[in-house]
Amino acid sequence: MNTKIYASLKSIASFVPNRNVSNKDLEKIVDTSDDWITKRTGIEGRYFAEDNQKSSDLGFEAAKIAIHRANIKATDVDMIICATLSPDYLAMPSTATIISYKLGIENKPAFDISSACSGFIYLLSIAKAYIESGMYDNILIIGAEKTSSVLDFRDRNTCVLFGDGAGAAVIGKTNEIKKAIVDVHISANGKYANLLMTPMDSPFIKMKGNEVFKLAVKTLANDVEEILKKNNIKPKDIDFFIPHQANLRIINAVGNMVDIDSSKIVLTVQKYGNTSAASIPMAIDEIYRERKLKNGDLLLLDAFGGGLTWGSSLLYFNGS
Ligand code: COA
């Protein structure tokens, strides 16, 4: 009898660059205020990479730790995938190939995906499919963002919202559903592409924040309800709800609509701002480092981003 193979979250890690930038620091360069940013978004500060630090440098640091925590060697990694909206190079080479070479991995597949802030959920779905097909045993997934490289510091509508950082995870395999990535749901609708984009004539993020806000709350609440219902899991069964960290008001609105106890909602947006594809793994790592996250905990993730893209996942943490 064949035993079913499930994909499993074996480790989590993150890396945050050193340079802390407070709302007060931003007041000096753009027409904004600490009070406005805190009230509208919950963000109190963020970290920016140095000029000579690229997304691959941030991703490499997180990936090293993820590999170590998964108790494997870099050469045991079968494939490397990176989600980023701030790649080292505009079109090629991919940030994943650069990270893999820095890790000492050669002659293994490596590629980037473009799904903006939903990147980590998309990565989980790809890794899950490859592992459960039996094709690979260990996949390194990385969300790495130097968002400061695509921010227009004259545009107060966007530049106050984002931060830099990276998160990484090793997805391995298990035979036990209670150690598995139970489900991943991803979706997109290009009808809303113009709400959040880097236009062809400018390298910077442009956003219609208000419209994104309304769509995010509605879409995420539906998506989370659907994935819970489909898997017959009640909000009270969840140990941690780890939403994409874009805006405290979006997170709280979704939390209320889905009736998740606020003590289970992981919040890092105050400290790091929106780190796009890195935000969910950075938030998971936050509770890992605080020793709150335990092997066997059931996590609910959701994300929303440019595209528009969105997604959610239910998974047991299987790291140590
Ligand atoms: N500082 C001060 N004032 C600002 C500002 C800033 N940084 N940014 C915008 N404003 C002003 C606007 O110009 C506007 O002024 P006006 O009323 O005189 O025209 C006012 O604040 C309200 O702007 P609005 O865009 O309606 O505010 P909002 O309540 O929607 O909050 C966001 C703005 C961006 C915080 C909010 O829309 C949001 O978080 N959207 C989702 C963004 C997001 O998460 N994107 C990423 C998805 S992954």
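Heavy-atom basis, side chains included; hydrogens, waters and symmetry copies ignored. For ligands, and for the atoms within them, numbers begin at 1 and follow the listed sequence.
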Peer 1: Taking only residues two or more places apart in sequence, or in another chain, which ones meet Tyr130 in a ring-ring contact (aromatic ring centres under 6.0 Å, His included)?
Peer 2: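 So Tyr130 forms a ring-ring contact (aromatic ring centres under 6.0 Å, His included) with Tyr136.
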Peer 1: Of all residues at least two apart in sequence or in a different chain, which pass the salt bridge (charged side-chain N to carboxylate O under 4.0 Å, His left out) check with Glu50?
Peer 2: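 Residues passing salt bridge (charged side-chain N to carboxylate O under 4.0 Å, His left out) with Glu50: Arg19.
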Peer 1: Is it the case that Thr147 and Asp164 place a side-chain donor and acceptor less than 3.5 Å from each other?
Peer 2: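 Yes, Asp164 and Thr147 have a side-chain donor paired with an acceptor closer than 3.5 Å.
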Peer 1: Using a 3.5 Å distance criterion without hydrogens, assess whether the side chain of Asp112 forms a donor-acceptor pair with backbone atoms of Ala96.
Peer 2: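 Yes, because the side chain of Asp112 sits within donor-acceptor range (under 3.5 Å) of the backbone of Ala96.
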Peer 1: Between ligand 1 and the protein, which N/O pairs are shorter than 3.5 Å?
Peer 2:
from: ligand 1; atom 1: 1 (N); to: Thr32; atom 2: OG1; distance (Å): 2.7
from: ligand 1; atom 1: 3 (N); to: Trp36; atom 2: NE1; distance (Å): 3.4
from: ligand 1; atom 1: 7 (N); to: Thr32; atom 2: OG1; distance (Å): 3.0
from: ligand 1; atom 1: 7 (N); to: Arg156; atom 2: O; distance (Å): 2.9
from: ligand 1; atom 1: 13 (O); to: Arg156; atom 2: NH2; distance (Å): 3.0
from: ligand 1; atom 1: 21 (O); to: Trp36; atom 2: NE1; distance (Å): 3.2
from: ligand 1; atom 1: 26 (O); to: Asn210; atom 2: ND2; distance (Å): 3.0
from: ligand 1; atom 1: 27 (O); to: Arg40; atom 2: NH1; distance (Å): 3.2
from: ligand 1; atom 1: 29 (O); to: Arg40; atom 2: NH1; distance (Å): 2.8
from: ligand 1; atom 1: 30 (O); to: Asn210; atom 2: ND2; distance (Å): 3.0
from: ligand 1; atom 1: 37 (O); to: Gly209; atom 2: O; distance (Å): 3.1
from: ligand 1; atom 1: 37 (O); to: Asn210; atom 2: N; distance (Å): 3.4
from: ligand 1; atom 1: 39 (O); to: Asn247; atom 2: ND2; distance (Å): 2.6
from: ligand 1; atom 1: 40 (N); to: Gly209; atom 2: O; distance (Å): 2.9

Peer 1: Which atom pairs, donor and acceptor, lie under 3.5 Å between side-chain atoms of residues 241-250 and protein residues at least two apart or in another chain?
Peer 2:
from: His244; atom 1: ND1; to: Ser279; atom 2: OG; distance (Å): 2.6
from: His244; atom 1: NE2; to: Asn274; atom 2: OD1; distance (Å): 3.3
from: Gln245; atom 1: OE1; to: Thr268; atom 2: N; distance (Å): 2.8
from: Gln245; atom 1: OE1; to: Val269; atom 2: N; distance (Å): 3.1
from: Gln245; atom 1: NE2; to: Pro243; atom 2: O; distance (Å): 2.8
from: Gln245; atom 1: NE2; to: Val266; atom 2: O; distance (Å): 2.9
from: Asn247; atom 1: OD1; to: Arg249; atom 2: N; distance (Å): 2.7
from: Asn247; atom 1: ND2; to: Arg40; atom 2: O; distance (Å): 3.0
from: Arg249; atom 1: NH1; to: Arg40; atom 2: O; distance (Å): 2.6

Peer 1: I'd like to know if the side chain of Thr3 pairs up with that of Asn175 as donor and acceptor (distance under 3.5 Å, no hydrogens or angles considered).
Peer 2: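 Note: Thr3 and Asn175 side chains miss the donor-acceptor criterion.
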